[in-house]
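Worksheet for the structure shown next.
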Amino acid sequence: MKIWVDADACPVVIKDILFKAAVRAELPLILVANQFIRVPPSEWISSLRVGSGFDVADNEIVRQANAGDLVITSDIPLAAEVIAKGAHALSPRGELFTRDSIGSRLNMRDFLETLRSSGEHTGGPAPLHARDRQAFAAQLDKLISRHQRLR
């Protein structure tokens with residue numbers, strides 16, 4: 001299992017959790033972004049810089065992710081694409097996207113986008129709280145443990 005990170009929008013605190021988990025579990029962690037991302041020196045951690053442009057990083061993650069890999073993203077369409085390939089998708093808030101839940105998440109995203117385009121202010125995402133970090137770390141540990149049992 002490789003862990004792919006949609007790194008342009010991933011909070012630093014979540015990246016720190018991922019760095020520790022990748023080294024501890026000896027799993028490849030690749031941060032994909034259209035800008036330079038500093039990563040700690042480790043054989044398990046790398047960054048991949050892609051060109052700038054709409055969805056360039058997302059498209060690269062979809063291209064390279066395989067069934068069984070884990071993708072960290074809050075981007076619902078990206079999550080849907082990697083789930084269709086058999087990968088897992090986890091948000092920085094600890095929400096595990098699944099085949100069963102991703103359709104309703106896409107519908108809600110599209111609905112909110114329609115509201116915003118009509119001039120309605122829907123607000124942005126809530127700040128990341130300690131409970132979000134804990135939920136993320138717990139879900140990440142669960143996925144890594146399941147992977148290690150199957151390995």
Side-chain angles (χ1 to χ4, degrees), residues 1-99 101-130 132-137 139-140 143-144 147:
M1 176 171 78
K2 290 183 180 176
I3 303 172
W4 298 91
V5 182
D6 184 6
D8 286 321
C10 187
V12 172
V13 67
I14 298 301
K15 289 177 193 167
D16 290 340
I17 292 169
L18 287 164
F19 295 151
K20 292 173 187 165
V23 171
R24 183 183 72 245
E26 298 182 344
L27 290 172
L29 172 68
I30 305 100
L31 287 86
V32 182
N34 58 22
Q35 59 186 331
F36 174 76
I37 300 285
R38 186 178 311 276
V39 298
S42 169
E43 66 181 292
W44 301 106
I45 303 169
S46 62
S47 65
L48 175 60
R49 186 174 178 187
V50 297
S52 60
F54 185 71
D55 284 345
V56 174
D58 296 355
N59 293 338
E60 186 64 20
I61 291 170
V62 171
R63 189 179 76 74
Q64 291 203 39
N66 293 307
D69 284 354
L70 172 60
V71 175
I72 310 301
T73 186
S74 55
D75 186 298
I76 305 299
L78 172 57
E81 288 190 71
V82 298
I83 288 169
K85 289 185 76 174
H88 305 283
L90 178 62
S91 82
R93 295 181 184 277
E95 179 183 1
L96 182 63
F97 302 112
T98 65
R99 288 186 190 277
S101 69
I102 199 66
S104 62
R105 293 296 311 229
L106 278 167
N107 289 337
M108 180 57 76
R109 176 196 171 274
D110 292 344
F111 173 70
L112 291 173
E113 193 168 293
T114 301
L115 284 177
R116 283 190 294 273
S117 68
S118 69
E120 184 73 30
H121 292 285
T122 58
L128 196 68
H129 294 289
D132 298 318
R133 293 189 298 271
Q134 291 168 342
F136 176 81
Q139 195 65 255
L140 179 65
L143 290 165
I144 289 173
H147 168 73

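For reference, positions follow the sequence shown, starting with 1. Every heavy atom of this structure was used, including side-chain atoms; hydrogens, water molecules and symmetry mates were not.
Across all non-hydrogen atoms, the minimal contact from Asn34 to Ser52 is CB-CA, 3.9 Å. When all heavy atoms of Trp4 and Ala65 are compared, the pair lying nearest together is NE1-CA, 3.8 Å. Taking both residues in full, the closest heavy atoms of Ala89 and Leu96 are given as O-CD1, 3.3 Å, listed atom of the first, atom of the second, then distance. For the residue pair Leu140 and Ala21, the shortest heavy atom distance occurs at CD2-CB, 3.7 Å.
Ile72 has its side chain within reach of Phe136: a pair of non-hydrogen atoms, C-beta onward, lies under 4.5 Å apart. Using a 4.5 Å cut-off on side-chain heavy atoms (C-beta onward), Thr73 and Ser91 make no contact. Looking only at side-chain heavy atoms (C-beta outward), Ser42 and Phe19 stay at 4.5 Å or farther from each other. Put simply, the side chain of Glu60 reaches to within 4.5 Å of the side chain of Leu48, judged on heavy atoms. Counting only heavy atoms from C-beta outward, the side chains of Leu27 and Trp44 never approach each other to under 4.5 Å. Side-chain contact between Val39 and Ile37 is present, with heavy atoms from C-beta onward closer than 4.5 Å.
In this structure, Ile3 CD1 and Ile144 CD1 are separated by 4.5 Å, a value rounded to the nearest 0.5 Å. Here the CD atom belonging to Gln64 is positioned 12.0 Å from the CG atom belonging to Asn59, to the nearest 0.5 angstrom. Distance check: Met1 CE to Leu29 CG gives 10.5 Å after rounding to the nearest 0.5 Å. Asp6 CG to Leu31 CG: the interatomic distance, rounded to the nearest 0.5 Å, is 10.0 Å. The CG atom of Leu128 lies 6.0 Å from the CZ atom of Arg133; values are rounded to the nearest 0.5 Å. Atom CD of residue Glu43 and atom CD of residue Glu26 lie 7.0 Å apart, to the nearest 0.5 angstrom.
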Task: Residues Val62, Val82; criterion side chain to side chain contact (heavy atoms under 4.5 Å, CB included); working and verdict - done: CA-CA 6 Å; Val62 171; Val82 298; 4.2 Å; yes
- [ ] Begin with the C-alpha distance, continue with both residues' side-chain angles, and end with the deciding distance and a verdict on side chain to side chain contact (heavy atoms under 4.5 Å, CB included) for Glu81 and Asp58.
- [x] CA-CA 9 Å; Glu81 288 190 71; Asp58 296 355; over 6 Å; no
- [ ] Please test Val71 against Leu90 for side chain to side chain contact (heavy atoms under 4.5 Å, CB included), starting from the C-alpha separation and ending with a verdict.
- [x] CA-CA 6 Å; Val71 175; Leu90 178 62; over 6 Å; no
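Checking side-chain atoms of Asp75 against main-chain N and O of Leu78 turns up a donor-acceptor pair under 3.5 Å. Counting only distance, with no hydrogens or angles, the side chain of Asp69 and the backbone of Lys2 share a donor-acceptor pair below 3.5 Å. Side-chain atoms of Arg93 do not come within 3.5 Å of backbone N or O of Ala135 as any donor-acceptor pair. With hydrogens and angles disregarded, no donor-acceptor distance shorter than 3.5 Å links the side chain of Asp132 to the backbone of Gly94.
Judged as a side chain to side chain donor-acceptor pair (under 3.5 Å), and not counting sequence neighbours, Arg38 has no contacts.
Atom NZ of Lys85 sits in a crowded spot, with more than 12 heavy atoms from other residues, nucleotides or ligands closer than 6.0 Å.
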